[in-house]
Amino acid sequence: MNQRSKSIDIAKGITILWVVWMHMKMPSILYASVQMPFFFFISGALWNNTNNFLSFIQKKSKSLLIPTISFVILAYVLFSIKHEKFFTESSLLWKIDYSIKGSITWFLIVLFIFNIIEYYVEKFNLIKLEVIISVLLYPLGAYLYAKNYFSIIPIIPLAHILVFWIYYTLGAYMGKKLIYQINIDNKRSKYFSIISCFVILLVHIIPWNNKILSHISFYLYIFPYTLSYIYLLLYLCNKYKNVRLSKSLSYIGCNSIIIYLIHWPLWNYILHDFSNKINCYFLYIIMIFLLILSIIIVNKYIPFIVGKSTNKQSKI
């Protein structure tokens, strides 16, 4: 593993552990809304395709759609057991929609759509147009997301597409240059890290529920904060990529898709029942232990459920 990819995997490891932390409703200081934009930005930054369209679709279907189908089926079964009456009265289309939400596989569906868009953007050199369109659609996505209008079109996570496309596009447009700049650790990267710290502190000093700011969408308000988090996290992970914990965090980051897909049913259908009986921090430790065990089991015995045919580490 080269140094640059190691620092990215460390950043992914930190962020996916925070996703688990947030879903378990643990105390938090930072805004959790930066988590998924980080993964979309990194996915855009790491975009690289040398295949024809058919090979490209086969590759992305294996890595994104197979895990989606696997965990939607799991959520479908669990939903039908836990919410039998509600599930029985729903149409098949809405059952699938509930199962997508219940498996949080919307991320993989959206990422698959972004990959298809990026294929044609790269083919016809439309990256600047993509940036403009994603910027124009972001306010609409922010509105839909803020109003919880996730199911305007069943199965298609429209709000997620509109609100996260800008992060994927920015990753594809400037992510590689930004990561390279951070990697060489020059004066410019240090200045940007200081500016990022300032923006993050400013947002916490002047909260969104301020009388003036509360009139704008939270997702518009949080946009510069999110970009600052992405930059600062990548900068710090590169700067401290050789500390003692880096190897463990890198391993977790390499297997972030396994943690992402397994932690939600593990929390919702098993550990959540113990949330009022066990100390929340101890419960989080139990969760992480079970997720590490899941990584080992999935990679060794059932890698196909995360789109892998071998026991190689899986990456988002």
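All of these numbers come straight from a predicted model, not from anything done at the bench. We're numbering straight along the sequence, starting at 1.
Looking at Y119, its side chain does come within 3.5 Å of a backbone N or O of F53 through a donor-acceptor pair. For the pair N255 (side chain) and I295 (backbone), a donor-acceptor distance under 3.5 Å is absent.
For the pair I205 and P207, the tightest heavy-atom approach, listed with the atom from each and the gap, is O-CD, 3.1 Å. Considering all non-hydrogen atoms of both residues, V199 and P224 come closest at CG1-O, 3.8 Å. Closest heavy-atom contact between Y281 and P27: OH-CG, 3.5 Å. The two residues S193 and Y231 have their closest heavy-atom pair at N-CE2, 3.6 Å. In terms of heavy atoms, F114 sits closest to I161 at CZ-O, 3.4 Å. What you find for M26 and C280 is that their closest heavy atoms are CE-O, 3.4 Å.
Separating the CZ atom in F38 from the OG atom in S43 is a distance of 9.0 Å, to the nearest 0.5 Å. With values rounded to the nearest 0.5 angstrom, L170 atom CG is found 6.5 Å from L227 atom CG. Between I179 atom CD1 and S189 atom OG the span is 13.0 Å, to the nearest 0.5 Å. In this structure, Y269 OH and L266 CG are separated by 12.5 Å, a value rounded to the nearest 0.5 Å. Rounding to the nearest 0.5 Å gives a distance of 10.5 Å between CZ of F192 and OG of S228.
Counting non-hydrogen atoms of neighbouring residues, nucleotides and ligands closer than 6.0 angstrom, the NZ atom of K247 reaches no more than 12 such neighbours. Within a 6.0 Å radius of OH in Y173, no more than 12 heavy atoms belonging to other residues, nucleotides or ligands are found. Under a cut-off of 6.0 angstrom, the local environment of CG in N52 is crowded, with over 12 non-hydrogen atoms contributed by other residues, nucleotides or ligands.
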Residues H160, W106; criterion ring-ring contact (aromatic ring centres under 6.0 Å, His included); working and verdict: CA-CA 8 Å; H160 298 83; W106 65 264; 4.1 Å; yes
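Of the charged side-chain nitrogens involved, at least one lies within less than 4.0 Å of a carboxylate oxygen, so that D9 and K12 count as a salt-bridged pair.
When each of F164, W165, Y167 is tested with F40 by the rule ring-ring contact (aromatic ring centres under 6.0 Å, His included), just one qualifies, namely F164. With F218 as the fixed residue, the ring-ring contact (aromatic ring centres under 6.0 Å, His included) test singles out one of Y143, Y31, Y225: Y31.
Aromatic ring orientation, F223 versus Y138: tilted (interplanar angle from 30° to 60°).
For W18 and Y229, the ring centers sit closer than 6.0 Å to each other.
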